[in-house]
2 protein chains.
Amino acid sequence: MLTSRDWAEAALDAIGQRGVEGVAVEPIARDLGVTKGSFYWHFANREALLVAALQLWEARETDDVLERVRQETDPRARIQRLITEVNASRRASRIHTALSSATKPGFVRDYVERVSKRRLDFIQDCYAGLGLGAETARRWALMTFSVFLGALQIRRDLPGEWPAADEPAFGDYVKFLMVTLVPPGLDGDDAATTDAAPAGAAARDG
Amino acid sequence: MLTSRDWAEAALDAIGQRGVEGVAVEPIARDLGVTKGSFYWHFANREALLVAALQLWEARETDDVLERVRQETDPRARIQRLITEVNASRRASRIHTALSSATKPGFVRDYVERVSKRRLDFIQDCYAGLGLGAETARRWALMTFSVFLGALQIRRDLPGEWPAADEPAFGDYVKFLMVTLVPPGLDGDDAATTDAAPAGAAARDG
DNA sequence: GCGGTTCCATACGGCGCCGTATTGACACGG
DNA sequence: CCGTGTCAATACGGCGCCGTATGGAACCGC
């Protein structure tokens, strides 16, 4: 007794493990312990399954994640929360990179683009909340977003280099990132409305 | 009259356009204007073609790229050169992300890991050349490498957000990154041998 | 108990790809 | 000429997947 949502969830698993091209009806049916006779009752074809999986993914990676992050009120805390959220689920990371590198079918790109844009806009809002102008906030957001995405890839390509969310070194590294990615002196009480360009870090002991 | 290198090059194209799973003998043969009768003279099977393509890729993305970057002597200039090199070829970017997200066959991961590690080590050396200790240099290198990889993905997922290497805005953005990613005050003549932690950017007009 | 609906199994045709076997065209040294 | 090596075309069997067609079991209201 499966629902179409069960199929969509299994399809997301398949995306994370074998990529978008690996979303095949018969293998997924085997994983679920049924035959494809079940599948073609719930869905018209393979493409409909992909759409369902993508909708599930988009809802989770925009509304749900951003809703949780919005519980933090301080812009600085929001950015830090985003870093930990992104690093929390290894499954979500794999799905993201798989979707991001997919080329076929074409509509996958639309979902990826919407999710990425909403994330980037959110980060930009965080920086705007620190008092930066739109243009400067966009630049900082692009760099911070790059670090997010790059971290996903490093955890994939160089396991062990990037600390996992449950390791003690993770906290240290987040602190390191925060100091660099969030320009101080913009906490809202001073320099609240001026644009700011990065001036780098002063050399001192670590 | 094809050589096995022609096939490996076409396989790399296929990886960039259709992913690792898209490296199929017969379609590539059609692209090259021959039949697979030619292919199975040059290679034992599909896997051998993948290995040849990966060897070609590894040579280009480590020895060749790093050799060009090493022409710069100043560590700061090297990092900046790396940014522009990474953003130079859209084809190389697509190949990299495709390989990075590949799961099957397993040996692909070995190539990706070696290439990533050599790049990361190179960046770490650059920071060490600025006078940072090994541990701190590693942290900076991880962040800078993340920005590299994230930039590739942003250019894919959000076309238009990240300026291309031939646009005028590209230079501005590189400067912005350099100021943030390379802590000043470590140019070699002062504070040359002390570890440094990031202290962020001071607020000033952009 | 009977028709209808829900959910799944089975069987089938078709397609794209892999890998092998066989043959053919062409160059070259003897 | 002839043999040999090089490179490619053709033909074939097999496999995994898609999508359809059909059947069947369980459950429902009546």
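Lettering follows sequence order; numbering is per chain, from 1. Below, each value reflects all heavy atoms present in this structure, side chains not excepted, and no hydrogens, waters or symmetry copies. No experiment lies behind these values; they were computed from the predicted model shown.
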**Prompt:** Is a salt bridge present between B:K117 and B:D121, judged by a nitrogen-to-oxygen distance below 4.0 Å?
**Reply:** yes

**Item:** Partners meeting side-chain hydrogen bond (donor to acceptor under 3.5 Å, both in side chains) with A:R60 (sequence neighbours left out)
**Value:** A:E9

**Asked** When every nucleotide of nucleotides 3-20 of chain C is labelled 5' to 3' by its protein contacts under 4.0 Å (heavy atoms), B for base, S for sugar-phosphate only, - for none, what sequence of letters results?
**Response** ---SBBBBB-----BBBB

**Request:** Before giving the answer on side chain to side chain contact (heavy atoms under 4.5 Å, CB included), spell out for A:V25 and A:F43 the whole-Å C-alpha distance, their side-chain angles and the decisive distance to 0.1 Å.
**Result:** CA-CA 10 Å; A:V25 174; A:F43 294 91; over 6 Å; no

**Asked** Taking the six-membered ring where the residue is Trp, are the ring centres of B:Y173 and B:F170 under 6.0 Å apart?
**Response** no

**Request:** Determine, step by step, whether A:Q17 and B:T103 satisfy the side chain to side chain contact (heavy atoms under 4.5 Å, CB included) criterion, reporting the C-alpha distance in whole Å, the side-chain angles of both residues, the deciding distance to 0.1 Å, and the verdict.
**Result:** CA-CA 7 Å; A:Q17 292 167 15; B:T103 56; over 6 Å; no

